[in-house]
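Counting starts at 1 for both ligands and their atoms, in listed order.
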Amino acid sequence: MATQFELHILVLLAGATFLVWFGPTVRLTVSDPDLIREIFTSKSEFYEKIEAHPLVKQLEGDGLLSLKGEKWAHHRKIIAPTFHMENLKLLVPVVAKSVTDMLEQWSTVSNSDEVEIEVSEWFQTLTEEVITRTAFGSSYEDGKAIFRLQAQQMVLAAVAFQRVLIPGYRFFPTKRNVNSWKLDKEIRRSLMKLVERRREGSSIINETHRHGPKDLLGLMIQASNSSKDVTVHDIVEECKSFFFAGKQTTSNLLTWTTILLAMHPHWQVQAREEVLRVCGSRDIPTKDDVVKLKTLTMILNESLRLYPPTIATIRRSKADVELGGYKIPRGTELLIPILALHHDQSIWGHDANEFNPRRFSNGVARAAKHHVAFIPFGLGVRTCIGQNLAILQAKLTLAIILQRFSFRLATSYQHAPTVLMLLYPQHGAPIIFQRLPNP
Ligand code: HEM
């Protein structure tokens with residue numbers, strides 16, 4: 001996880017390879033796409049994930065994000081079917097319903113045709129709902145209550161994350177820590193209860209929901225029924241990991257894309273024309289419509305390039321290795337600066353810092369001089385398992401908004417991308433939405 005200071009040097013030194021010392025730990029920043037490909041794909045067996053910051057660890061749990069070796073491979077195999085496109089497409093109607101409900105609530109904020117909305121908060125709530133459906137399926141209501149607790153815990157962790165780290169401070173019984181411990185206990189207790197309930201009723205639920213989408217909870221319970229290697233504790237940890245990995249990332253993507261479309265009205269018009277052509281002016285987009293939204297895909301890619309929610313990732317060498325002529329001793333940390341790579345002018349051209357979705361018109365592989373130049377979801381075997389879900393939700397949400405509203409930045413908007421675990425707009429994202437006339 002990169003700090004605010006690192007964010008600045010990462011952008012300034014795009015393309016460079018350099019060392020930073022963190023106390024006794026040396027961290028090598030690697031921005032060369034050929035070397036990045038080596039770390040993530042051709043020589044990935046020599047590198048491993050590092051342990052998260054203790055505050056992050058408490059939130060992300062011991063799930064896919066941090067597991068290693070056989071246990072990681074086993075869990076990834078069990079969970080993967082949740083994210084297959086065919087399975088996700090079954091979620092389209094419920095996601096669309098959540099979006100239209102959100103827009104109806106916007107209408108109640110103001111009686112006039114215009115309404116100012118701080119979109120980042122609304123997109124977080126929306127994403128929470130979508131992830132709850134993906135994770136818990138038929139146990140949606142119970143899952144929602146649990147994820148509400150986890151959202152509270154994330155707020156406490158975010159406050160602590162902004163303070164100077166005093167080693168061991170998280171073990172002191174401060175008010176914040178005591179609240180956080182209570183929440184943690186409550187989350188675990190509720191999840192365990194939910195797993196047990198779902199287990200007991202699993203035969204009935206399977207029968208009733210045989211044709212519904214596969215959810216994380218159901219797949220993990222099924223795996224735990226047939227293998228002792230998957231325990232209730234594992235299921236609890238995966239649920240935590242899921243919520244942590246998916247919520248802020250997807251809502252940040254939606255927030256940045258809405259800001260960019262508000263800043264660049266001609267792209268907003270083009271995106272709307274495409275949505276109206278493909279989906280009509282009020283119909284809910286279908287799973288087949290979503291695939292046809294090429295302009296929106298280009299816009300989302302450009303948003304992920306300029307403002308990747310995850311600005312960097314870190315690996316550690318498991319042995320002495322050679323990397324691009326450098327001898328890397330075992331235990332060296334390697335920081336992959338996704339944000340800097342996405343802004344590197346030698347790869348993206350002189351307009352690297354500008355919003356130009358057209359660069360993606362011939363697909364991701366042809367957008368830059370190097371095809372490993374665009375890695376918002378990581379690369380290789382540990383690539384993001386939730387990327388199809390994130391893109392599907394983002395496309396559906398933006399398509400439905402574009403059908404119904406035109407929008408611009410509120411005068412109070414201040415452009416200040418900042419890092420607090422992820423890349424987000426420091427002063428929020430106030431946007432003015434104007435209702436389009438009914439055709
Ligand atoms: C715009 C949205 C998202 C972005 C930008 C994003 C970004 C990433 C990145 C960069 C990684 C790789 C980290 C590394 O290599 O160290 C990753 C991994 C992961 N992501 Fe996402 N993510 C997004 C949405 C989601 C969603 C919606 C979910 C689940 C609901 C999810 C779950 C995960 C998990 C479980 C991993 C770990 C995979 C593994 O190691 O096997 N992500 N994500």
Give me the ring orientation class for F405 and W106: parallel if the planes are under 30° apart, tilted from 30 to 60°, perpendicular past 60°. tilted
Is there a polar contact between ligand 1 and R382, counting only N or O atoms under 3.5 Å apart? yes
Quick check on the 6.0 Å ring-centre criterion: do H342 and F374 meet it? yes
Counting only heavy atoms closer than 4.0 Å, does ligand 1 sit against the backbone of L64, its side chain, both, or neither? both
Within reach of ligand 1, part of T313 (heavy-atom separation under 4.0 Å): side chain
NZ of K49 to CZ of R316: how many Å apart, nearest 0.5 Å? 12.5 Å
Indicate yes or no for a side-chain donor-acceptor contact from E60 to the backbone of F244 under 3.5 Å, with no hydrogens or angles considered. no
With heavy atoms under 4.0 Å as the rule, classify the contact between A245 and ligand 1 as side chain, backbone, both or neither. both
Which bit of R315 is near ligand 1, meaning a heavy atom under 4.0 Å away: side chain, backbone, both or neither? side chain
Are K240 and D62 ion-paired here, with the side-chain N under 4.0 Å from a carboxylate O? no
Please could you name the atoms of ligand 1 that W72 approaches to less than 4.0 Å, counting only its heavy atoms? 39 (C), 40 (O), 41 (O)
Go through ligand 1 atom by atom and flag the ones less than 4.0 Å from a non-hydrogen atom of G386. 26 (C), 27 (C), 28 (C), 31 (C)
